[in-house]
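What follows is a set of notes on a single structure, which appears directly below.
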Amino acid sequence: MTDEKHRQEQEDEEMISQGFQQLLESYLTSKHRRKVEIITKAFNFAKQAHKGVKRRSGEPYIMHPIAVAQIACSEIGLGSTSICAALLHDVVEDTDYTVEDIENLFGPKIAQIVDGLTKISGGIFGDRASAQAENFKKLLLTMNDDIRVILIKIADRLHNMRTLGSMLPNKQYKIAGETLYIYAPLAHRLGLNKIKTELEDLSFKYEHPEEYARIEDMLKESKEEREELFNEFTAPIREKLDKMGIKYRIMARVKSPYSIWNKMQTKHIPFEEIYDILAVRIIFDPKDLEEESNECFGIYVTISKIYRPHPDRLRDWVNHPKSNGYQALHVTLMSNKGQWIEVQIRSERMNDIAEQGFAAHWKYKDGPSHEDEGELEKWLHTIKEILDDPQPDAIDFLDTIKLNLFASEIFIFTPKGEIKTMPQNCTALDFAFSIHTFLGSHCIGAKVNHKLVPLSHKLKSGDQVEILTSKSQRVQPSWINFATTAKAKAKILAILKREQRSMQQKGEDKLQDFLKDAEIEFNDENVHKLCVLHELKSPEELFSSIGFKTITLGEADLNELRIKKTVANNWKKIIPFSFGGNKSDKEKEKSTSRTPASKIDSKKILKLTPEAIQKDFIIADCCKPIPGDDVLGYRDENERIIIHKRQCPIAAKLKTSFGNRILAAQWETGKALDFPVNLYIQGIDAMGILHQVADIVTEQLNVNIRKIFIETTDGLFEGHIQLYVHDVDDVKTIIANLRKIDEMKVVTRVEKFEDRP
Ligand code: MN
């Protein structure tokens, strides 16, 4: 052995033992029982099993399980069973040991968790979307068996995200995309708010490195100002709380870069216009755990005597916890500088739950108690119901579940005054389904606060809702358009599908009888002829159309089937057997002249040169990226490469569903090509505003306007401009110049050009 190698090995040993010591220390300072022995045994076993294997970063592999165990212990607050399972989580997947070996050495509980983790490993998301949905189902089912499986999986993902830098860019986008699409919502739903925020920020950092750095810089620049505001605002509060003899700490909560960026994107506003970057948190030690909620309100009363509270912004999550267990009292107060500031009041116990979620409940009880899991239990129950209903489409299923993960909540009262938590923007129909499937499927309308409303009516927090039903009512296909909750959507689809199946059967029977009467054979060929006649894609569609009576069988059908045999034998040649998917000749020509995507090395970064854009790549129509936008490539099933913006919602789905088809891409166009871009403008109507806009764009900046549409109402103007630019820098210059017009209030880049009548 060379000296070099020997020294490296010693260094590795040192690093491993330090990592493990730190883990033990964290465990020993936690409130869990002291089971150092089994943890040490799990560590030694995993270390020996992964011996000689290195991660991409060059670290010994065992550093990863140690880090995952460390997160499970100190950031999620899990105990020895989970720590052991985390240390062993990759052993069955990556080495020759089996679950039985683990069971023999560590007992059934740890083995079961490791088994769960192994089943959902390999990335939840494989090559094909359906397989991925299957895996995701598995994951959610194991979550029902033992929630620790998913908590450790989240810890695993967090460590992988923290070390994402050593991965190839295309893998980075895939992993970051999955994280944002599924893991962050999952962490949120389980109440792991701190981890959720970190997962989001890390995804953001890898997908939009420049934007991330820019927001961090702006946060740094405005730090002093924020601290001053914080100190000034909290000084009188501290004084009062001290007088009351409360044990407390006050902290500044600064909005995360990802949430800031998200708000800038969705509201089309610059950083300077985001006013809730700073919030204030008061965390107190209750004198009496029983009186905790009263103390929250006591603090609220005290501070609202100092600053004026916003009348509509009191949120009582203390008496009505969110479904992820979150508890706190949120109030918004007017600072002396004329700025609204949110204050969150929580006890230390509530704060633990806010940061560590579900796992924190264990700290305050002897083990997980089933009665008190309450809201989370209910949520798991909903998930189980959705899983029990087979979903028609794998991607739909993912969307349905996702809907359920990330919604904000409102309170709805039943006619008897019971409170139900519902997701924001839910409709009367959603509410009906949330109470009972029967109520949902026979619902004809609702009374909201005693007033009659349609099923599509959007509910607001505090509404009292009575559902009106009729026995003759049946689920309507249009309902899917205004059902917003996962449960309602899943139920409606399942009922419709069931009905569809029975109608299909009815239609098939009817057709058989019809043909029998006419003495025509019921066979594939004849069924296909009728499909063609009625312009339907499949026999199933034909049957259900007959069943639903959208088609009535008659003379025309008989004539079609009685046409001479020679024609009948030829029909397959005339009408392609497979409908759709047949490219026109021109398209075929185009795709053959293109560099076949299969020849492209997925590890390399695609260079988007002017030539390649015209020849090899397709710019996605959904998000229309231009040079300077953060982009990625997607290799579609026809081996074409489509360029999407990284934050495009369609790309987000692709990253999650077809992660292995994602390619890293980089602009290298220079100023050679022109791209269309759309701007939205809004402001105060004044003489000659259109002229000013046109002048800035065409004269001063020498850019071509392609289309413009402006409309004025009540002294305000609003409209869209489409112009040709080289890149994002051009857009920035144009926006900055247009903003210089006094009357111009909003100028922002948008995806679509709209000209409303
Ligand atoms: Mn792992």
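The residues of the chain are indexed from 1 along the displayed sequence. Computed over heavy atoms, backbone and side chain alike; hydrogens, waters and symmetry mates excluded. Start at 1 and go down the list; that is how both ligands and their atoms are numbered.
Relative orientation of the His330 and Tyr326 rings is perpendicular, given thresholds of 30° and 60° on the angle between their planes.
Residue Glu207 holds its CD atom at 13.5 Å from OH of Tyr212, rounded to the nearest 0.5 Å. Rounded to the nearest 0.5 angstrom, Arg253 CZ and Arg281 CZ are separated by 6.5 Å.
Under 2.8 Å from the Mn ion (ligand 1) lies no N/O/S atom of His159, from backbone or side chain alike. None of the N, O or S atoms belonging to Glu93 lies under 2.8 Å away from the Mn ion (ligand 1).
With respect to the Mn ion (ligand 1), Asp156 has OD1 as its nearest N, O or S atom. Within His89, the N, O or S atom at minimum distance from the Mn ion (ligand 1) carries the name NE2.
Considering Leu23, Ile83, Ile66 as possible partners of Phe43, the one that fulfils the side-chain contact (heavy atoms from CB on, under 4.5 Å) test is Ile66.
Here His64 contributes NE2 and Asp90 contributes OD2, and at the Mn ion (ligand 1) these two atoms make an angle of 90°, given to 10°.
At distances below 3.5 Å, not a single donor-acceptor pair connects side-chain atoms of Asn638 with backbone N or O atoms of Arg640.
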